[in-house]
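One structure is given below, encoded as structure tokens.
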Amino acid sequence: VQAGDEAFAAILADGSVVAWGNRFCGGDISAVQDQLRNVQQLQAAQHAFAAVRKDGSVVTWGNRFAGGDSSKVRDKLRNVQQIQATEQAFAAILADGSVVTWGESDSGGDSSAVQD
């Protein structure tokens, strides 16, 4: 179980995910529910969640300005090993050791200054 500021999300035994709480803060997974299968890790930010699937792909939901929208980096989110979060951003470490970030830039969502 992971807790955001106003919502919870949990991985069930079958690898699916349930969420509850404020729908604007990740408590509503209806838009991504069909993608939330074979989940092995959940990470909460303040108003968004990220799920790592067994195939290394990532599903995000919640407030789009707080990390709930990873569409700008979706093509880079492959072979994800682990995700961590700040209040409004996420960082994923990939199998090759590289890091991908998204979310509010002032909260760590923009790591371009430390990228090669």
Side-chain angles (χ1 to χ4, degrees):
V1 175
Q2 284 282 309
D5 200 38
E6 298 181 35
F8 289 95
I11 304 172
L12 301 180
D14 66 358
S16 64
V17 173
V18 293
W20 62 97
N22 185 322
R23 66 186 180 109
F24 299 110
C25 298
D28 178 6
I29 60 172
S30 59
V32 294
Q33 188 159 20
D34 61 327
Q35 300 171 55
L36 292 171
R37 303 281 181 246
N38 300 312
V39 172
Q40 64 181 12
Q41 182 201 352
L42 284 176
Q43 184 62 54
Q46 186 176 29
H47 295 141
F49 292 88
V52 181
R53 296 173 43 163
K54 288 183 181 175
D55 66 1
S57 63
V58 173
V59 179
T60 58
W61 70 96
N63 184 305
R64 65 186 175 119
F65 300 111
D69 178 5
S70 59
S71 60
K72 291 182 180 177
V73 295
R74 181 159 290 131
D75 61 328
K76 297 178 183 179
L77 291 172
R78 303 282 182 248
N79 300 312
V80 173
Q81 302 299 297
Q82 186 180 21
I83 291 182
Q84 289 294 323
T86 63
E87 281 189 1
Q88 297 184 32
F90 291 93
I93 187 162
L94 308 186
D96 66 3
S98 62
V99 175
V100 177
T101 58
W102 68 96
E104 174 58 45
S105 60
D106 289 340
S107 293
D110 179 2
S111 59
S112 60
V114 296
Q115 298 289 334
D116 289 338

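- Rounding to the nearest 0.5 Å places CZ of Arg74 at 7.0 Å from CG of Asp69.
- For the atom pair CZ of Phe65 and CD of Gln88, the computed distance is 11.0 Å after rounding to the nearest 0.5 Å.
- Hydrophobic clustering of Ile, Leu, Val, Met, Phe, Trp and Tyr side chains at less than 4.5 Å, counting indirect connections, unites Leu36 with Leu42.
- Side-chain atoms of Arg53 and Gln35, non-hydrogen and from C-beta on, do get closer than 4.5 Å to each other.
- In this structure, Gln84 and Gln82 approach most closely via the heavy-atom pair NE2-NE2, 3.3 Å.
- Side-chain N or O atoms of Gln46 include none that pairs as donor or acceptor with a backbone N or O of Ala66 at under 3.5 Å.
- Separation of atoms CD1 (Ile83) and OG1 (Thr60) is listed at 8.5 Å; rounding is to 0.5 Å.
- Once rounded to the nearest 0.5 Å, the distance linking CG of Asn63 with CD of Glu104 reads 10.0 Å.
- Using modelled atom types, one side-chain atom of Gln81 and one backbone atom of Asn79 make a donor-acceptor pair closer than 3.5 Å.
- In terms of hydrophobic clustering, with Ile, Leu, Val, Met, Phe, Trp and Tyr side chains grouped at heavy-atom distances under 4.5 Å, Leu12 and Val1 are assigned to a common cluster.
- When atom types are taken as modelled, the side chain of Ser105 and the backbone of Asp110 share no donor-acceptor pair closer than 3.5 angstrom.
- In terms of modelled atom types and a separation under 3.5 Å, the side chain of Gln2 and the main chain of Ala44 share a donor-acceptor contact.
- Considering only heavy atoms from C-beta on, Leu77 comes within 4.5 Å of Trp102 through its side chain.
- In terms of heavy-atom proximity, Phe24 sits nearest to Asn22 at N-OD1, 2.8 Å.
- Nearest heavy atom pair, residue Phe49 against residue Cys25, reads CE1-O, 3.7 Å.
- Counting only distance, with no hydrogens or angles, the side chain of Thr86 and the backbone of Ala89 share a donor-acceptor pair below 3.5 Å.
- We find the NZ-OG1 distance between Lys72 and Thr101 to be 12.0 Å, quoted to the nearest 0.5 Å.
- The hydrophobic clustering, which links ILVMFWY residues whose side-chain heavy atoms are closer than 4.5 Å, places Val80 and Phe90 together.
- The two residues Ala48 and Gly68 make their nearest non-hydrogen contact at CB-N, 3.4 Å.
- If you chain together hydrophobic residues whose side chains sit under 4.5 Å apart, Val39 and Trp61 fall into the same group.
- The side-chain hydrogen bond (donor to acceptor under 3.5 Å, both in side chains) search around Asp34 returns none, not counting sequence neighbours.
- In terms of heavy atoms, Glu87 sits closest to Ala45 at O-CB, 3.4 Å.
- Cluster membership check: Ile11 shares its hydrophobic cluster with Val59, using side-chain heavy-atom separations under 4.5 Å among Ile, Leu, Val, Met, Phe, Trp and Tyr.
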